[in-house]
Amino acid sequence: MNLTNKTSKLTNFKISPKPSSTISPSPPPPPPPDPATIANLILKGDNPESLTQALHSLPEWTPHLVQTILKRLWNHGPKALQFFNLLETHPSYRHSAASFDHAIDIAARLRDYKTTWTLVCKMRSSKLGPTPKTFAIITERYVSAGKADKALKIFLSMHEHGCQQDLNSFNAFLDVLCKSKRAEMAYKLFKIFRGRFKADVISYNIIANGFCLKKQTPRALEVMREMIERGLEPTLTTYNILLKGYFRAGQIKEGWEFFLQMKKRKIEIDVVSYTTVVHGFGVAGEVEKSRKVFDEMVGAGVLPSVATYNALIQVLCKKDCVENALVVFDEMLRRGYVPNATTYNVVIRGLCHAGKMDMAIEFMDKMKDDCEPTIQTFNVVIRYYCDDGEIEKALEVLEKMNGGTCLPNLDTYNILIGAMFVRKKSDDLLIAGKLLIEMVDRGFLPRKFTFNRVLNGLMLTGNQGFAQEILRLQSKCGSLPRQFRL
DNA sequence: GCGCCTACGC
């Protein structure tokens with residue numbers, strides 16, 4: 001047995017089998033394994049054999065623990081899949097359907113379709129699926145990779161994988177198309193298949209929302225009329241979709257009139273409607289109207305949600321000043337609301353934008369009492385440090401990420417690499433090269449522009465050798481699976 | 001299964 005450093009590290013964290021020197025007759029059970037520790041072990045473990053051994057020797061694997069670790073490794077696709085594969089040979093643990101879905105999502109995001117379908121086959125032979133959820137994930141990834149036709153074929157062949165299509169999966173597929181701005185294609189398919197799947201209000205809502213996302217409110221209205229003609233009653237969701245559509249398309253007046261019409265027709269306006277209007281007015285620069293609607297809703301017997309507060313706080317940050325936003329933030333706390341990650345991210349962005357970096361960092365620490373910082377939190381702070389020329393501080397934040405909760409994503413790398421050119425320092429270019437290698441290693445594909453920029457920089461600063469290395473990496477990337485934004 | 005809040009189109 002070859003016990004490496006990595007395995008003894010496990011002992012330090014007390015997640016290996018109990019020590020033999022127990023005094024009490026019934027020793028307390030070992031503490032549950034800490035997901036962060038295990039995730040870091042996987043990230044650092046470059047020796048697959050010792051890693052396998054370490055993971056297999058863990059006392060209790062649960063689907064929940066596996067899920068948590070996969071989530072943590074989300075921005076390191078190759079490592080996440082390695083982890084998933086290593087557990088497949090575990091003597092007793094068996095993957096759950098949810099873990100399979102997660103691994104399939106990661107493989108498809110890496111555009112590693114061979115692995116994706118291998119996992120689907122394994123899922124089937126373990127009698128865990130594939131489920132409609134699995135197909136929603138796969139088709140979404142194909143569509144966002146620009147392969148909508150392939151996604152359609154996959155949807156239509158679901159039954160060959162032992163998964164029957166029904167109205168729910170049809171709606172889910174339409175939604176995938178609409179969310180990636182393919183409302184026209186979704187609408188065509190909808191017309192072809194609505195009889196076969198007995199399209200319902202939700203199908204119509206999805207299509208209407210698809211047109212709204214493309215700022216085509218007249219088309220969305222058409223869809224709504226069509227549903228009425230066919231004897232389906234629009235729901236509050238239908239109206240809220242249209243309402244949002246007007247504001248998103250910049251039709252503020254139309255949006256407000258639509259809202260008044262909803263009131264007039266005695267439609268029970270809910271917190272979503274109000275949040276839409278508060279946000280819509282604010283984004284259009286109508287801060288006073290935004291506030292007025294916010295104040296009105298309580299009188300109308302509709303309580304604001306955290307999302308409503310988030311909308312108002314964001315509006316004040318962007319169109320008024322961060323100080324007034326903080327007043328609302330405090331008011332929210334006084335009324336017993338628990339801010340979520342969006343609340344903090346909005347406030348942190350506002351503080352950064354106002355040049356109050358120290359306060360932003362304070363909020364980032366305070367945030368941990370209520371929720372975990374997200375990738376957006378880190379990216380905002382890194383971006384503003386870079387803009388301020390505080391490259392070292394930005395890199396410190398990156399270090400923190402790699403040692404902790406949230407791994408850097410494509411945006412993080414793009415922001416940082418971009419910042420390595422402002423000081424015209426040779427050392428910065430070396431860091432840019434290192435970051436480029438790291439991001440490729442983690443399954444992100446840099447744009448051609450990024451490669452060329454780093455190459456030029458390295459050549460100009462006399463780092464020909466390193467430039468050669470980057471060049472080799474670039475040619476290797478041509479055949480690598482591609483990954484893009486989340 | 002759809003709708004509100006971070007982030008949005010170059």
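Basis for what follows: all heavy atoms, side chains included, without hydrogens, waters or symmetry-related copies.
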For DNA chain B, what residues of residues 285-313 of chain A have any heavy atom nearer than 4.0 Å? A:Ala307, A:Asn310
Tell me: CG of A:Leu167 to P of B:dC2, nearest whole Å? 12 Å
A:Tyr337 OH to B:dC4 C1': how many Å, rounded? 14 Å
P atoms of B:dT6 and B:dG1, separation to the nearest Å: 24 Å
At 4.0 Å (heavy atoms only), tell me whether A:Asn345 reaches a base, stays on the sugar-phosphate, or touches nothing. base
Determine the contact category for A:Asp175: base if any of its heavy atoms lies under 4.0 Å from a base atom, sugar-phosphate if only primed atoms, P, OP1 or OP2 are that close, otherwise nothing. sugar-phosphate
If only side-chain N and O atoms count, and only distance matters, is there a donor-acceptor pair under 3.5 Å linking A:Thr342 with A:Asn345? no
Is the phosphate of B:dG3, meaning OP1 or OP2, less than 4.0 Å from a side-chain N or O of A:Lys179? yes
Proximal nucleotide (of B:dG9, B:dG1, B:dC5) relative to the A:Gln314 side chain: B:dC5
Write down the distance between CG (A:Asn409) and C1' (B:dT6), rounded to a whole number of angstrom. 13 Å
Can you tell me how far C1' of B:dG1 sits from NZ of A:Lys198, to the nearest Å? 18 Å
Can you sort out the partners of A:Val120 under side-chain contact (heavy atoms from CB on, under 4.5 Å), two or more places apart, ordered by chain and number? A:Ile104, A:Trp117, A:Pro130, A:Ile138, A:His161
Does A:Lys318 make a side-chain N or O approach to OP1 or OP2 of B:dT6 shorter than 4.0 Å? no
Show which side-chain atoms of residues 170-186 of chain A pair as donor or acceptor with protein atoms under 3.5 Å away, not counting sequence neighbours.
| from | atom 1 | to | atom 2 | distance (Å) |
| --- | --- | --- | --- | --- |
| A:Asn171 | OD1 | A:Ser203 | OG | 2.7 |
| A:Asn171 | ND2 | A:Asp200 | OD1 | 3.3 |
| A:Asp175 | OD1 | A:Lys179 | NZ | 3.2 |
| A:Asp175 | OD2 | A:Lys179 | NZ | 2.7 |
| A:Ser180 | OG | A:Val176 | O | 3.0 |
| A:Ser180 | OG | A:Leu177 | O | 3.2 |
| A:Arg182 | NH1 | A:Ser180 | O | 3.4 |
| A:Glu184 | OE1 | A:Arg219 | NH1 | 3.1 |
| A:Glu184 | OE2 | A:Arg219 | NH1 | 3.3 |

Determine which pairs satisfy side chain to side chain donor-acceptor pair (under 3.5 Å) with at least one residue from residues 316-328 of chain A, sequence neighbours left out, and list them in order. A:Gln314-A:Lys318, A:Asp320-A:Asn324
What's the CG-P distance between A:Leu174 and B:dG3, to the nearest Å? 13 Å
With sequence neighbours left out, the residues meeting side-chain contact (heavy atoms from CB on, under 4.5 Å) with A:Val201 are A:Asn205, A:Met227, A:Leu232, A:Thr235, A:Thr238
With hydrogens left out and only the distance checked, is there a donor-acceptor pair under 3.5 Å joining A:Asp270's side chain and the base of B:dG3? yes
Closest to the A:Lys244 side chain: B:dT6, B:dC4, B:dG1? B:dC4
Mind checking salt bridge (Lys or Arg N to Asp or Glu O under 4.0 Å) for A:Arg225 and listing every partner two or more places apart, or none if nothing turns up? none
Qualifying ring-ring contact (aromatic ring centres under 6.0 Å, His included) pairs with a residue from residues 286-319 of chain A, counting only residues at least two apart or across chains: A:Phe294-A:Tyr309, A:Tyr309-A:Tyr337
Are any of A:Arg248's side-chain N or O atoms less than 4.0 Å away from OP1 or OP2 of B:dC8? no
Scan residues 218-242 of chain A against DNA chain B and write down, sorted by residue number, each residue with any heavy atom closer than 4.0 Å; if none is found, say none. A:Leu236, A:Thr237, A:Asn240, A:Ile241
Hey, does A:Lys133 reach any base, or is it just sugar-phosphate, or nothing, if we go heavy atoms under 4.0 Å? nothing
Set of residues satisfying salt bridge (Lys or Arg N to Asp or Glu O under 4.0 Å) with respect to A:Asp365, sequence neighbours excluded: A:Lys368
Looking only at atom P, what distance separates B:dC2 and B:dA7, rounded to whole Å? 23 Å
Could you state the atom-to-atom distance from CG of A:Leu213 to C1' of B:dC8 in whole Å? 13 Å
Which of residues 272-280 of chain A sit near DNA chain B, with a heavy atom under 4.0 Å from it? A:Val272, A:Thr275, A:Thr276, A:His279
Do A:Lys434 and A:Glu438 meet the salt-bridge criterion of a basic N to acidic O distance under 4.0 Å? no
Same-atom distance (C1') from B:dC5 to B:dC10, integer angstrom: 24 Å
Proximal nucleotide (of B:dC5, B:dG9, B:dA7) relative to the A:Gln376 side chain: B:dA7
Just say parallel, tilted or perpendicular for the rings of A:Phe190 and A:Tyr187, cut-offs at 30° and 60°. parallel
Using the P atom on both, measure B:dC4 against B:dG9 and round to a whole Å. 14 Å
Using atom types as modelled, flag every donor-acceptor pair under 3.5 Å from a side chain in residues 253-263 of chain A to any protein atom, sequence neighbours excluded.
none

Can you name the residues that form a side-chain contact (heavy atoms from CB on, under 4.5 Å) with A:Lys198, not counting sequence neighbours? none
Is the closest basic N to carboxylate O distance between A:Lys153 and A:Glu160 below 4.0 Å? no
Between B:dG9 atom P and A:Lys214 atom NZ, what is the distance in whole Å? 12 Å
Rounded distance (Å) that lies between atom C1' of B:dC4 and atom CZ of A:Phe259: 12 Å
